Amino acid sequence: MKNLSFASIAQLRELLDNKEISEQELLDFYLDRFKQYNPILNAAIEIFDKESIDGQFAHQGILSGIPGLIKDNILQADRKMTCASKILEGFKATYDATVISRLKRHGAPLIGRANLDEFAMGSSTETSAFGPTKNPWDLERVPGGSSGGSAAAVAAGLVPWALGSETGGSVRQPAGLCGIVGIKPTYGLVSRYGLTAYASSLDQVGIFARSAYDIAIVLSILAGQDVRDSSTLSVQKKDYTQSLDGLIKPGMTIGVVESMVGAAGVDDEVRQVIEQAVKDFEKLGVTIKKISLPILDYAASAYFIISRAEAASNLARFDGVRYGLRDKQAQSLDMMYSETRHDGFGIEVRDRILVGNFVLSAGHAAEFYQNAQMVRRMIRKDLDQAFSQVDLLITPTQPTGAFKIGEYDQQNKLLMDLQDYFTCFANLSGNPGISIPGGFTKNKLPIGFQLIGPHLSEGLMLQTAHAYQQVTNWHKQHPENF
Ligand code: GLN
C-alpha cells in the first residue's frame with residue numbers, strides 16, 4: 001500500500017467511492033505511518049487512539065474517511081490543546097473551533113495534533129516545548145514554522161492534508177521549506193473562532209496539502225461566514241475546485257515584485273526558481289509585468305511591532321487562574337501570576353510579551369505602534385493599487401532552503417525574523433497568499449514561490465496554481481526514506 005502514502009485527496013476519494021479500500025483500512029494505513037515515522041520527525045504532539053478518532057463516523061462529504069492533522073493551537077472538543085507550551089499543561093478544549101466542527105460534519109477523521117512553535121511564535125518549530133520537528137527532506141534541518149508539524153506530516157506522506165495557522169507566514173513558509181502547497185486565505189474568509197489568538201488582526205487558519213487541487217477541496221469546507229467570528233466576511237459558500245480547469249484565466253497578468261526577488265539575502269537558487277516559474281507562466285499564456293512596491297521593505301518592521309503588541313494583550317489570559325499550569329508555592333496572587341507565567345512560557349514567548357508591552361507603553365506607542373499601523377495602511381493601499389494593474393503578484397516564499405536546527409540561536413535571532421520578510425505583508429494587508437513548490441536547491445531542499453492576490457481571489461489563485469501544476473512536477477517529488 002506504499003503508493004497510497006502520497007496519494008491525493010481526489011485519488012483517495014475515488015478509491016473509497018469505488019470500494020477499493022475501506023475507510024478503516026485507510027485510517028489504519030495512516031496511523032501505521034505515524035507510528036513508524038513520527039518518532040523520527042516529531043511532527044505530531046499527539047496521535048489519537050483509533051477507536052476515538054473524531055469525525056470518522058459522519059459519512060457526508062468529499063473528505064469523509066480522508067484523515068487530516070490539526071495544528072495544536074486550534075480547539076478540538078475534549079482533546080488536550082497545548083499550543084506547544086508548558087503553560088497549557090493539562091488543559092482540555094471544551095468546544096470545537098468552527099473549522100473543526102465543519103470538518104467533522106464532512107466526516108473528515110481528525111487523527112491528531114501537530115507540533116508548532118510555542119503559541120505559533122517562530123519560523124522553525126524549535127520553540128515548541130515538545131522539541132523541534134524535523135524536515136523530512138533532511139532530518140538535520142527545520143521544517144519551517146510555526147506550523148512545522150503540519151507541513152512535515154503532509155510532506156512525508158503521513159496525511160494528505162493538515163491545518164495550520166498564519167499570523168505572519170506560518171503556513172506559507174513551512175510549505176515552501178517542505179515542498180508542499182500552503183494557503184493563507186483572505187483575512188475573514190475562514191473563521192478564527194476556536195483558534196488560539198496570537199495577533200488577532202493578522203491571524204487566519206491556513207491549509208497544507210500536496211497540490212492546489214487538494215487545497216481547493218479543504219478550503220471549500222472551511223470558508224464562509226461564521227456568526228461566532230464577527231471578522232468573517234459575508235461571502236457565498238463556493239466549491240473552489242469548480243474553477244480548476246487546468247487553464248489560465250484569459251488575459252491573465254502576474255506582477256513580479258522586483259525588489260523582493262532582488263533583495264539582499266535571497267539565494268541565487270531561489271531567484272532561479274522564480275525566473276523559471278515566470279517562464280512557465282509565460283508559456284501558459286500569462287503576461288508578466290514588473291512591479292515596484294517599495295513600501296514592502298517596511299512590512300517586516302511593522303509586523304514585528306504589531307504582532308508583538310497584540311500578542312502581549314492576547315497572552316495576558318494565561319495567568320494561572322483560567323487554564324493549565326498554576327504555581328502552587330506562591331505567597332500572593334501577584335506572585336502566582338508572575339511565577340506561573342515565568343515557568344510556563346518559553347523564552348521566545350516571554351521576549352515577545354516584553355517587546356509588545358514596551359511598544360504599547362505610554363511614551364513609546366506613537367513612535368512604534370502608531371507608526372507601524374500607518375505603514376500597514378500604506379501597504380494595503382499600495383497593494384490595492386498594484387492589483388489594479390495585475391491579477392496576481394509573484395515573490396519568493398523564503399530567502400533560502402531549510403536551515404539547520406540550531407542555526408539561528410539567541411545570538412543571531414534577527415536572521416530568523418527575516419524569514420517573515422516575504423510573507424508578513426499579506427497578513428498586514430489581509431490579502432490571500434499561496435506558496436507553491438517551484439524547485440530544489442543543489443542539496444535537494446525544496447524551494448517554494450508565492451502568489452499573492454487581491455482580497456477574496458482564492459479561486460483565481462488556485463486556478464493559476466493548478467494550471468502551473470499541470471505542466472510541472474515539483475509537487476510530485478517526495479522525500480526519500482518515507
Ligand atoms: N514567523 C512569524 C512569527 O514568528 C510568523 C508566525 C506565524 O505566522 N504564526 O511571528
Side-chain angles (χ1 to χ4, degrees), residues 70-74 83-85 114-128 132-133 142-151 162-178 182-185 187 190 192 195-208 299-312 314-315 345-356 359 372 376 397-400 402-403 407-408 410 412-435 448 450 452:
I70 306 298
K71 186 177 183 180
D72 200 17
N73 63 348
I74 300 174
C83 292
S85 180
N115 201 7
L116 65 152
D117 278 300
E118 185 176 1
F119 283 102
M121 296 179 185
S123 303
S124 66
T125 321
E126 292 171 288
T127 70
S128 167
T133 297
V142 304
S146 65
S147 315
S150 308
L163 293 194
S165 69
E166 272 240 9
T167 305
S170 278
V171 170
R172 287 164 288 154
Q173 185 256 16
L177 296 184
C178 288
I183 193 168
K184 179 203 86 82
Y187 186 79
V190 175
R192 292 179 295 113
L195 166 68
T196 309
Y198 162 5
S200 315
S201 77
L202 305 163
D203 298 339
Q204 256 308 268
V205 171
I207 305 161
F208 294 98
S301 312
Y303 169 75
F304 193 89
I305 292 166
I306 294 169
S307 61
R308 273 66 174 173
E310 293 188 27
N314 276 325
L315 270 58
F345 288 136
I347 178 91
E348 181 67 27
V349 175
R350 277 185 277 144
D351 263 12
R352 292 189 185 209
I353 293 171
L354 284 175
V355 171
V359 297
R376 181 177 193 171
T397 305
Q398 77 277 358
T400 63
F403 46 95
E407 193 169 327
Y408 300 140
Q410 286 298 111
N412 51 13
K413 237 170 81 52
L414 263 183
L415 290 174
M416 176 87 88
D417 292 325
L418 273 184
Q419 290 290 319
D420 308 340
Y421 180 83
F422 299 105
T423 47
C424 68
F425 72 88
N427 302 79
L428 288 167
S429 63
N431 291 70
I434 188 168
S435 180
Q450 187 180 221
I452 303 284

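Remember, it's a predicted structure, so these values are computed and weren't measured experimentally. Numbering of ligands and ligand atoms starts at 1, following listing order. Residue numbers run from 1 in the order of the sequence given.
For F119, the ring pair (Phe, Tyr, Trp, His ring centres under 6.0 Å) test picks out F318, F345, with sequence neighbours left out. Under the salt bridge (charged side-chain N to carboxylate O under 4.0 Å, His left out) criterion, E166 pairs with R172, sequence neighbours left out. A299 is linked by a side chain to side chain contact (heavy atoms under 4.5 Å, CB included) to I379, C424, F425, L428, counting only residues two or more places apart in sequence or in another chain.
Protein residues with a heavy atom under 4.0 Å from ligand 1 are A120, M121, G122, S123, S146, E166, T167, G168, G169, S170, Y198, Y303, R352, D420.
When only modelled atom types and interatomic distance are considered, N115 and S128 share a side-chain donor-acceptor pair under 3.5 Å.
Side-chain N or O atoms of E310 include one that pairs as donor or acceptor with a backbone N or O of S201 at under 3.5 Å.
Atom-to-atom distance recorded for D417:CG and S123:OG is 7.0 Å, nearest 0.5 angstrom.
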